[in-house]
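Let me begin by presenting the structure, written as structure tokens, before commenting on it.
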Amino acid sequence: MAEPRLIFVYKADSDLFSRVTDAAHKILSPKTYSCDLCMLTHGWLSERRSWSDFIRALPVRCQFLHRDQLQEDFPQLEVELPVVLLLTDAAPSVCLDATAIRGCEGLDDLMALVRARCLQPQYSRAQPHA
């Protein structure tokens with residue numbers, strides 16, 4: 001059995017032009033920026049330290065993808081973005097959908113939802129993954 005992992009998928013593309021455009025959009029018009037996951041987990045230029053610390057302490061591996069990368073890795077998967085998926089042997093399943101992420105008022109809300117909805121019971125008591 002493969003080790004389960006969480007896949008966080010941003011509602012943005014991975015190419016340089018998209019990243020620069022997204023950063024500018026986030027700074028100039030944050031209320032209309034479309035990736036709620038990015039708004040919660042990143043400042044204007046980099047990942048928030050509390051988010052990085054949280055991810056490192058989780059008892060499962062984590063992977064981060066952009067919209068175009070998700071389409072490459074899982075072309076059959078149709079989900080509204082942003083999303084957090086739990087990947088097991090079977091297939092990826094949604095553990096946090098776009099509505100749940102959009103409803104977070106801050107990073108603490110997102111981290112609480114990840115703990116509550118994305119960690120399988122056997123992993124919630126495990127030691128952090130190195």
Please tell me if the side chains of [X] and [Y] come closer than 4.5 Å, counting only heavy atoms from C-beta onward.
X      : Y     : value
Leu85  : Leu6  : no
Phe54  : Arg48 : no
Cys104 : Asp36 : no
Leu37  : Val9  : no
Thr88  : Ser93 : no

For residues 70-83, which side-chain N or O atoms pair as donor and acceptor with protein atoms under 3.5 Å away, sequence neighbours left out?
unit_1	atom_1	unit_2	atom_2	d
Glu80	OE2	Arg102	NH2	2.9

*asked:* How close do His66 and Ala12 get, counting heavy atoms only, and between which atoms?
replied: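 Closest heavy-atom pair between His66 and Ala12: CB-O, 3.0 Å.
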*asked:* Please verify the inter-ring angle class for Phe8 with Phe64; under 30° counts as parallel, over 60° as perpendicular, anything in between as tilted.
replied: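 Phe8 vs Phe64 ring planes: parallel.
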*Enclosure of Asp108 CG (heavy-atom neighbours >12, cutoff 6.0 Å)*: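 No, because the 6.0 Å sphere around CG of Asp108 holds 12 heavy atoms or fewer from other groups.
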*Of Leu113, Val94, Leu96, the residue whose pairing with Cys118 passes side chain to side chain contact (heavy atoms under 4.5 Å, CB included)*: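 Of all the options given, the one that passes is Leu96.
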Rounded distance (nearest 0.5 Å) linking atom [atom1] of [X] with atom [atom2] of [Y]:
X     : Y      : atom1 : atom2 : value
Leu40 : Ile101 : CG    : CD1   : 8.0 Å
Thr99 : Asp97  : OG1   : CG    : 4.5 Å
Ile7  : Arg61  : CD1   : CZ    : 13.0 Å

_Under the criterion side-chain contact (heavy atoms from CB on, under 4.5 Å), I'd like the reasoning laid out for Asp53 against Arg56: C-alpha separation, chi angles, the key distance, then a yes or no._
CA-CA 5 Å; Asp53 293 344; Arg56 272 194 300 279; 2.5 Å; yes
